[in-house]
2 protein chains.
Amino acid sequence: MDHDEQAVQLSQKSSAREHTKPCQTSPHRTHCQDCSLAALCLPSFDDNGTATKIVKRSRPFKRGEYLYRQGDEFSCVFAVCSGALKTFGLSDNGEELITGFHLPSELVGLSGMGCNIYPVSALALEETLVCRIPLKQLDEQPLQLPHLRRRLMRCMSRELRDNQQMRLLLSKKNADERIAAFLIDLSARFRSRDLPANQFRLPMSRNEIGSYLGLAVETVSRVFTRFQQMRLIASEGKEVHILAPLELSTLAGWHLEGSPI
Amino acid sequence: MDHDEQAVQLSQKSSAREHTKPCQTSPHRTHCQDCSLAALCLPSFDDNGTATKIVKRSRPFKRGEYLYRQGDEFSCVFAVCSGALKTFGLSDNGEELITGFHLPSELVGLSGMGCNIYPVSALALEETLVCRIPLKQLDEQPLQLPHLRRRLMRCMSRELRDNQQMRLLLSKKNADERIAAFLIDLSARFRSRDLPANQFRLPMSRNEIGSYLGLAVETVSRVFTRFQQMRLIASEGKEVHILAPLELSTLAGWHLEGSPI
DNA sequence: CGAGTAATTGAGAGCGCTCAAACACGGTGG
DNA sequence: CCACCGTGTTTGAGCGCTCTCAATTACTCG
């Protein structure tokens, strides 16, 4: 498989220097220039020359591997380079509850920043490469990188808004609207990194979609088939074609402006 | 009314100096020492003597007044000194969707930090005093106050966790569990600032509770009466007595440890 | 090829929403 | 002081969406 090969290849020469040049292009892979942390990896003199290469590419994570587990001591925030992750906690009755999916160029682990432990687990949905930001260390040093700090603030703030968006979805929208919003959101995230926005492979299972959207698996499945009957999408397994983006956006209740709130 | 008098009183002498001594005690009022921003208002020499009195107490807001409106340019984060606020956005069909209630010692406006506008509106539910942190200015200056930054990070991170908690609630819990969780959460927040935890006045209407919890007003009302029949609470209007905190916590699914995720 | 997991489809039931009406409360004006 | 209105709250009846349970089919991987 494409991902596997590249991952192995990268792992064999995963020096920090490797990170200063663009990653290879492939589905679900972004360039370092697009990375929200580029300023910290790529040569940067913004911070009065104090900026060093802080962010290190970590080893590849295999499907099903944990980046960290709920309750682990907080140490790093991760930026996804390629692949996909989910973050999830365990509810009272022990079943997992997915709090987010993370695609390339997005940050994982921010919610652990304020406390000493990760409040959720993070697990690779497929072969995944991440960059590691040793935030714990940074926080303890008096050295304060303004650009990093501001960037992290932005990311947390964005995550806050996304979360509120999700609360809107969970409290007011029915199953059709939730799935539509989910697909449109994914589409927008792919588009934002110049990947095909109307044709992609879902990195997660129907079960995980349901857990994320607060729906039963069966409901997710039913909505998918209904959307196909309505010619809104074509899907085969995890492959999804969005046939009618406008109608789907309308159905989602978000009239194309991405994030309303 | 108690609040009104005090508020007027304070507005007449609302100098920055006023903030360096404890606020008057009253229901729903906290001391400045308890405030999460005390380090910035009260004399502090942690930041190499650079810390100045940055946070200013603003004029009192009357019930129904806006601190800021959705779409306003982002400028400040607010710390609630007394009273209560709600933050809310407008959904597609125009109805308001409440994203949070904010009691004394809590911060409001963090979600606007990363972007240039406030993504939600903030409105006073009763006579409310807040302190104003001109974060926009701070962010533009090279001056970086480590303690402030870290504190804000903590707050945002905490808000992220709370949001995930809410998502759990919205996606998995039924009406009884939601209301129980809501009451227990409020109770804990009152307790954390040494106010009576099992007897308090709800600053929000049933309608607002419903909007916050993703329930219809009628359902909220029904659950309240059911809880009274079960002798879990006693309530008259907005006054609430929690008669069986343990049972209520169990019903909420949070077995007393506050925030599970 | 076979076992285990994931996905799909069907039937039935329950929870919460919607609609509707009655009631309580607070403020206003006569 | 009371009538009045608006808003907020409570209670009831019925329906619809989604969950649950169950069975079948389709993948994935050893």
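The chains referred to below are lettered A, B, ... by the order of the sequence lines, with proteins before strands, and numbering in each begins at 1.
Spacing between atom CG of B:Leu125 and atom C1' of D:dT7 amounts to 16 Å, rounded to whole angstrom units. One atom, CG of B:Asn207, and another, C1' of D:dG6, lie 14 Å apart when rounded to the nearest Å. In this structure, B:Phe224 atom CZ and C:dC23 atom P are separated by 23 Å, rounded to whole Å. Atom CG in A:Leu170 sits about 15 Å away from atom P in C:dG16, given to the nearest Å. Between B:Gln228 atom CD and D:dT10 atom C1' there is a gap of 11 Å when expressed in whole angstrom units. Straight-line distance from the CZ atom of B:Arg226 to the C1' atom of D:dT10: 13 Å, rounded to whole Å. Rounded to whole Å, atom C1' of C:dT18 lies 15 Å from atom CG of A:Asn174. Separating the NZ atom of A:Lys173 from the P atom of C:dG16 is a distance of 21 Å, rounded to the nearest angstrom.
DNA chain D is contacted by both B:Arg63 and B:Glu218; B:Arg63 maps to the nucleotide lying nearer its 5′ end (nearest heavy atom per residue).
One finds a side-chain N or O of A:Thr219 lying less than 4.0 angstrom from the OP1 or OP2 phosphate oxygen of D:dC19. Contact check, A:Thr225 against C:dT9: a side-chain N or O comes under 4.0 Å of OP1 or OP2. The phosphate of D:dT11 has neither OP1 nor OP2 within less than 4.0 Å of any side-chain N or O from B:Arg222.
Contacts of A:Gly214 with the nucleic acid, taken as non-hydrogen atoms under 4.0 Å apart, involve only primed sugar atoms and P, OP1 or OP2. Counting non-hydrogen atoms under 4.0 angstrom, B:Lys238 reaches the backbone sugars and phosphates but no base. Residue B:Ser221 is in base contact, counting any heavy-atom pair closer than 4.0 Å across all strands shown.
Ranking D:dT9, D:dT18, C:dT18 by closeness to the B:Ser205 side chain, first place goes to D:dT9.
A donor-acceptor pair shorter than 3.5 Å can be found between the side chains of A:Thr87 and A:His102. Judged by distance alone, the side chains of B:Arg69 and B:Ser121 never bring a donor and an acceptor atom under 3.5 Å apart. A:Ser111 and B:Arg161 share no side-chain donor-acceptor pair at under 3.5 Å.
In this structure B:Tyr118 satisfies the ring-ring contact (aromatic ring centres under 6.0 Å, His included) test together with B:Tyr68, B:Phe74, sequence neighbours excluded.
Shown here is A:Lys62, whose NZ atom has no more than 12 heavy atoms of other residues, nucleotides or ligands within 6.0 Å.
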